[in-house]
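First up is the structure itself, then whatever we jot down about it.
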There are 2 protein chains.
Amino acid sequence: MSITGPDEEREFLAAYRPEDYHPVAVTVDTVALTLRGGALSVLLIRRAMPPFAGFWALPGGFVRTDKTASGHLVEEDLDEAAMRELTEETGILADSHLEQLATYGDPTRDPRMRVITVAYLALVVDPPDPVSGGDAADAAWTPVAELNLATADAAAGAGARRGRPLAFDHARILADGLERARAKLEYTPLATAFLGPEFTIAELRAVYEAVWGRRVHPGNFHRKVLSVPGFVVETGQVTERGGPRGGRRAQLYRAGDARLLHPALLRPAGEGAEQ
Amino acid sequence: MSITGPDEEREFLAAYRPEDYHPVAVTVDTVALTLRGGALSVLLIRRAMPPFAGFWALPGGFVRTDKTASGHLVEEDLDEAAMRELTEETGILADSHLEQLATYGDPTRDPRMRVITVAYLALVVDPPDPVSGGDAADAAWTPVAELNLATADAAAGAGARRGRPLAFDHARILADGLERARAKLEYTPLATAFLGPEFTIAELRAVYEAVWGRRVHPGNFHRKVLSVPGFVVETGQVTERGGPRGGRRAQLYRAGDARLLHPALLRPAGEGAEQ
DNA sequence: AGAATAGTGTCTGTAAGACAATATTGT
DNA sequence: ACAATATTGTCTTACAGACACTATTCT
């Protein structure tokens, strides 16, 4: 228990053998969300390898801590690992937004060994179809409404695609990711990360409606968004055309520099009435 | 890439050797906060062992994934590990609140090897002085204002007790923990977790003032708290005495059953004017 | 013309903040 | 009595939601 000096510190580190300790592995898993045809969708892969071979799962994998043939230590930060695994398994780039969600460490969550996973939330703008690779036999954007996740609060045990549950504890991770996205729409400009560089107020409203799963009043939303400082900035341009069946052309906006929305756009209070 | 069946899944697991993979360790570190003499304070330990021997640090340590002599695998969830390490190193129990904060995995954050740490936020009610144990040479409640963490946003590199920086990246973890606590006071009844089962509105206000580092208007706060459904419930009792230098006796309240405050108690907008 | 969509006006109820006044209690 | 603290009242301003209305563009 005595406190040692710099020399002892050096000796200690020289004698330390990592391989003697702690048989645990670390993975990253990403809840990648996008809007496709107006529907909030999540990127899932079909696992090619055990455990849970054949199950749908969130894209992810082991954080690299390996030594290469040259003996050089390949080490990546957790964020880098999440982006790498996402691209390896699906070809999708998390170029719009990436944030850490939470870490899941139930000792029984992986049958191989003790695996803790650091989950991420990613948003992707107008993505192509995924191309499966690595340990993924398939990859697909899946509308969240098709999964059996009634609300973010419930869920946990549920969560299926084509009737099957998700691998590991991925249903809970997905539910947590959805809840994070819903909450952050309220008090941050996160919704703009679902859209390209220029967008209309109606497109922004469509993001809120898809993520929250409820209708938003067009007039009040319009006025509200423009009244929040730094949320959006006018470009002076308007859309090329009005709506497909008529309608006025809309102003185009860009994301502003606000990090936080003051005042916030609060969700309507009533519980999870999807649609 | 082919998808295997249940038999292959069993064979795979039987042949899997965890020790062949992934030299990485997982620790937990806890930002334990309390109110002492009106000052928001954090529990710090002085490290007895390298690395960073002699430095002040957050209490924490390795998640147990060891095999015992009997060959039985001792595995604990991350929350359990956080509580165990806190008690081992300081004697303090995180009995009032414990939540996961974030996970830190910079490859250079620990000189021994790749160590990722899962950070927790704990709140403790009216705690005793800590008793150092385990790898801790000392342990102490330290007023947050004494550390060189100007605001939660700044900080990161700074953070000291008696002029020394904190070990590892603990200054950033502490800053993130403080920001989490400040934010959650706004929209959850977290403030009640700093207090005993019965408290006055003034005591609750003292929590907000200590955590936010700013004065709160007594009259408006009082009315506001009582107007939020489920935040507090009246006990019908009043305090034994008024203030030490005179003053009316206060009603006693208990925490209500609300999980979220509607409407929220928003922080005053202006930037980090402590005190 | 008529439908569809964008954008604005107006009203009402709720809430936040400033400030003041009243109610009790200790010295 | 006086200072200190708890609690309530009042007023002003801001904002959310409902609803109605105007503006523009497509078929």
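Just so it is clear: chains get the letters A, B, ... in the order the sequence lines come, proteins before strands, and each one is counted from 1.
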**Q.** A/H217 (side chain) donor-acceptor with A/N220 (main chain) under 3.5 angstrom
**A.** yes
Q) A/T87 side chain to A/I92 main-chain N or O, any donor-acceptor pair under 3.5 Å? A) yes
(Q) List the residues meeting ring-ring contact (aromatic ring centres under 6.0 Å, His included) with A/F221, not counting sequence neighbours, and say none if there are none. (A) A/Y208
Q) For the pair made of CZ in A/R215 and P in C/dT5, what is the distance, rounded to whole Å? A) 11 Å
Q) Given D/dC26, D/dC15, D/dT8, which nucleotide is nearest the side-chain atoms of A/R241? A) D/dC26
Q | Residues touching DNA chain D, which here means a heavy atom under 4.0 Å, drawn from residues 183-208 of chain A | A | none
(Q) Can you measure A/E240 atom CD to D/dC26 atom P for me and round it to whole angstrom units? (A) 10 Å
Q) Within the pair B/H222 and D/dT8, is there a side-chain N or O less than 4.0 Å away from OP1 or OP2? A) yes
Q. What integer distance in Å separates A/R267:CZ from D/dG17:C1'?
A. 18 Å
Q: Starting at atom CG of B/L266, determine the distance to atom P of D/dC15, rounded to an integer number of angstrom.
A: 12 Å
(Q) Rounded to whole Å, how long is the line connecting atom NE2 of B/H217 with atom C1' of D/dT5? (A) 14 Å
Q. Hey, does A/R223 reach any base, or is it just sugar-phosphate, or nothing, if we go heavy atoms under 4.0 Å?
A. base
Q) Looking at D/dT7, C/dG7, D/dT8, which one has an atom nearest to any side-chain atom of B/L226? A) D/dT8
Would you mind writing out the side-chain donor-acceptor pairs for residues 244-256 of chain B within the sub-3.5 Å range, not counting sequence neighbours?
from	atom 1	to	atom 2	distance (Å)
B/R249	NE	B/E240	O	3.3
B/R249	NH2	B/E240	O	3.4
B/R254	NH1	B/E198	OE2	2.9

Q. With distance as the sole test, does A/E179 use its side chain to make a donor-acceptor pair with the main-chain N or O of A/D176 at under 3.5 Å?
A. no
Q. Which one, D/dG17, C/dG17, D/dT7, comes nearest to the side chain of B/N220?
A. C/dG17
Q. Does B/A258 have any side chain to side chain contact (heavy atoms under 4.5 Å, CB included) partners at least two apart in sequence or in another chain, and if so, which?
A. none
Could you go through nucleotides 1-4 of chain C and list every protein N or O atom that sits under 3.5 Å from one of its N or O atoms, giving the distance for each pair?
from	atom 1	to	atom 2	distance (Å)
C/dA4	O4'	A/R245	O	3.2
C/dA4	N3	A/G247	N	3.2

**Q.** Residue whose nearest DNA chain D nucleotide is more 5′ - A/R249 or A/S227
**A.** A/S227
Run the side-chain donor-acceptor check on residues 184-195 of chain A: report pairs under 3.5 Å with partners two or more places apart or on a different chain.
from	atom 1	to	atom 2	distance (Å)
A/K184	NZ	A/E99	OE1	3.3
A/K184	NZ	A/E99	OE2	3.3
A/E186	OE2	A/R267	N	2.6
A/T188	OG1	A/K184	O	2.7
A/T188	OG1	A/L190	N	3.2
A/T192	OG1	A/P189	O	2.7

Q. Any donor and acceptor pair, going by atom type alone, linking the side chain of A/T200 with main-chain N or O of A/E203 inside 3.5 Å?
A. yes
Q. Are any side-chain N or O atoms of A/E209 and backbone N or O atoms of A/V216, one a donor and one an acceptor, separated by less than 3.5 Å?
A. yes
